[in-house]
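If you're wondering where the values come from, they're calculated on a predicted model, not measured in any experiment. Numbered from 1 within each chain, the chains take letters A, B, ... in sequence-line order.
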There are 2 protein chains.
Amino acid sequence: MSVFSEVSTTDLVTQIARQITEAIVTGHLKPGERLTELQLSRQFGTSRAPVREAARLLESQGLVTFSPRRGFFVRTFSASEMRDIYELRIGLELHAGYLAVERATDADIAALEKQLGRLYGTAGQASIETQIFEDFAFHRMICKASGNARLIRVYDELATEMRAGITLIGKIYDDPQRMAETHEPIMDALRKRDGDELREALRYHIAVARDAVVALFEELEKGV
Amino acid sequence: MSVFSEVSTTDLVTQIARQITEAIVTGHLKPGERLTELQLSRQFGTSRAPVREAARLLESQGLVTFSPRRGFFVRTFSASEMRDIYELRIGLELHAGYLAVERATDADIAALEKQLGRLYGTAGQASIETQIFEDFAFHRMICKASGNARLIRVYDELATEMRAGITLIGKIYDDPQRMAETHEPIMDALRKRDGDELREALRYHIAVARDAVVALFEELEKGV
DNA sequence: AAAATGCCGATTGTCGACAATTGACACTTT
DNA sequence: AAAGTGTCAATTGTCGACAATCGGCATTTT
């Protein structure tokens, strides 16, 4: 019986939500841009109903804002909002690390090693988007190693927001090689399963990212 | 011009979502229960469209699950899911406390004192639901004092889930007076603005709640 | 009698339509 | 010319309708 894999029955709403999300995090849809229901529905070849439901999903995910009688808009991020997001991420990931130190299986650690390798691999080779993606994947694995499913959900939400914000500024780090290297202290602490060291490494690592992103956003705001 | 207050333009979807949420956290709608679109729409006196949109909102908020072609159901909570939620809450609130120690204004502290008073006031007097509500309000204020809006959003989501879960088991603490008192160490640390002490007080306080809730849930699962 | 099949009411998925509202532009008034 | 008013196309809010699908029950088959 198990020869067959499940037939995908992803409904329209999910598909549409995914596509819009993708368009936002890749910067195809820019913050503040209006999402016209009719226009979107024509592009997807559906009616407006599934589009609206998808938009509602994204709304409560924070990717899209909704103004009654005016419609849906791609969310804009202010510098202080980005700071909040990164600051929350620090708390979240430190807690994940605290839990992971005790709960991570050897397989988890191995997966992280492999992912770190991938970070080095993409350095210089791949596009910025790919590097950012692999970076987030590494940190997601730490959350995963915490064994807390609810925590991962929050991380994923934050990651989506961060990606959506980051596309605005184009680049965060100029040296991909260096970016990969800054993960070493984290990996070291994990190998040793040293909770305090891991927390400190994570705190520093994310704080650096936070400062870089926030600074770029502040510049952006001043520019406008 | 400022003589007039804004006319409330809350759209149907928001209203419906609020009502369903309320019904879930008060236990009027029980976990696993099916949400029939037609039935709900008749109760609200609307068509199915706004009901579906509201349900989507609640879905991504984790209060409702959706199964394609089968519909929406009130989410069920397992003991391990509740543990995850409380565990995440620990991380979240400790981080909030860490930030609050530095950022809390005197007004914030005063508001917390007042809320603690309200906790004592409702002890024995008010319904369990009210006490739980006031308890959550206290902890929400700590998050608020962190000054991080994104953090509060996550807390609110968790609080909703906790409330939805808690209605299942009826009661968590038998002694409301004692419940109020266990907040004193938290308040003390806040008054002194002692970060470490606050974190320790919060960690202990929430861990106790977590253990109580999880134990009751495990019993519930065994019973079934 | 147990298992598989066929059928049917109930429910969801999606659609197109119409009324209500918005924002922008043109027009009047002073 | 500035301010206010009227008008209109574009868009959203909501609805009712129809096809597709599901779960359960009766029926058949072995």
Colleague: Under the rule for side chain to side chain donor-acceptor pair (under 3.5 Å), what residues qualify as partners of B:H95, not counting sequence neighbours?
Modeller: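 B:H95 satisfies side chain to side chain donor-acceptor pair (under 3.5 Å) with no residue once adjacent residues are dropped.
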Colleague: Can you name the residues that form a side chain to side chain contact (heavy atoms under 4.5 Å, CB included) with B:T130, not counting sequence neighbours?
Modeller: B:T122, B:A126, B:S127, B:E134
Colleague: Report the residues that fulfil salt bridge (charged side-chain N to carboxylate O under 4.0 Å, His left out) with A:R70, sequence neighbours left out, ordered by chain and then residue number.
Modeller: none
Colleague: Reading nucleotides 8-21 of chain C 5' to 3', which nucleotides get B (base under 4.0 Å from a protein heavy atom), which S (sugar-phosphate only), which -?
Modeller: ---SBBBB-B---S
Colleague: Please list, chain by chain and in numerical order, all residues satisfying side chain to side chain donor-acceptor pair (under 3.5 Å) with A:R18, sequence neighbours excluded.
Modeller: none
Colleague: Taking only residues two or more places apart in sequence, or in another chain, which ones meet B:E113 in a salt bridge (charged side-chain N to carboxylate O under 4.0 Å, His left out)?
Modeller: B:R191
Colleague: Is there any salt bridge (charged side-chain N to carboxylate O under 4.0 Å, His left out) pair reaching into residues 35-48 of chain B, and which pairs are they, with sequence neighbours excluded?
Modeller: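 Every salt bridge (charged side-chain N to carboxylate O under 4.0 Å, His left out) pair that includes a residue of residues 35-48 of chain B, provided the two are not neighbours, is B:E37-B:R48, B:E37-B:R52.
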Colleague: Given pairs defined as Watson-Crick or G-U wobble with both distances under 3.5 Å, what dot-bracket annotation applies to DNA chain C, with ( ) intrastrand, [ ] crossing, | other strand and . unpaired?
Modeller: ||||||||||||||||||||||||||||||
Colleague: Taking the basic N atoms (NZ, or NE/NH1/NH2) and the acidic carboxylate oxygens, is any pair closer than 4.0 Å for A:E87 and B:R150?
Modeller: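 Judged by the 4.0 Å cut-off on N to carboxylate O distance, A:E87 and B:R150 do not form a salt bridge.
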Colleague: Please work out which residues in residues 57-65 of chain A have a non-hydrogen atom less than 4.0 Å from an atom of DNA chain C and list them by number.
Modeller: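 Heavy-atom contacts with DNA chain C come from no residue of residues 57-65 of chain A; none.
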Colleague: For B:E218, which residues count as a salt bridge (charged side-chain N to carboxylate O under 4.0 Å, His left out) partner, sequence neighbours excluded?
Modeller: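 Partners of B:E218 under the salt bridge (charged side-chain N to carboxylate O under 4.0 Å, His left out) test: B:R83.
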Colleague: Checking A:E59 now: which residues fulfil side chain to side chain donor-acceptor pair (under 3.5 Å) with it, not counting sequence neighbours?
Modeller: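 Side chain to side chain donor-acceptor pair (under 3.5 Å) check on A:E59 returns A:R56.
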Colleague: Which pairs with one or both residues in residues 35-85 of chain B pass ring-ring contact (aromatic ring centres under 6.0 Å, His included), sequence neighbours excluded?
Modeller: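 Applying ring-ring contact (aromatic ring centres under 6.0 Å, His included) to every pair that reaches into residues 35-85 of chain B, excluding sequence neighbours, yields B:F66-B:F72.
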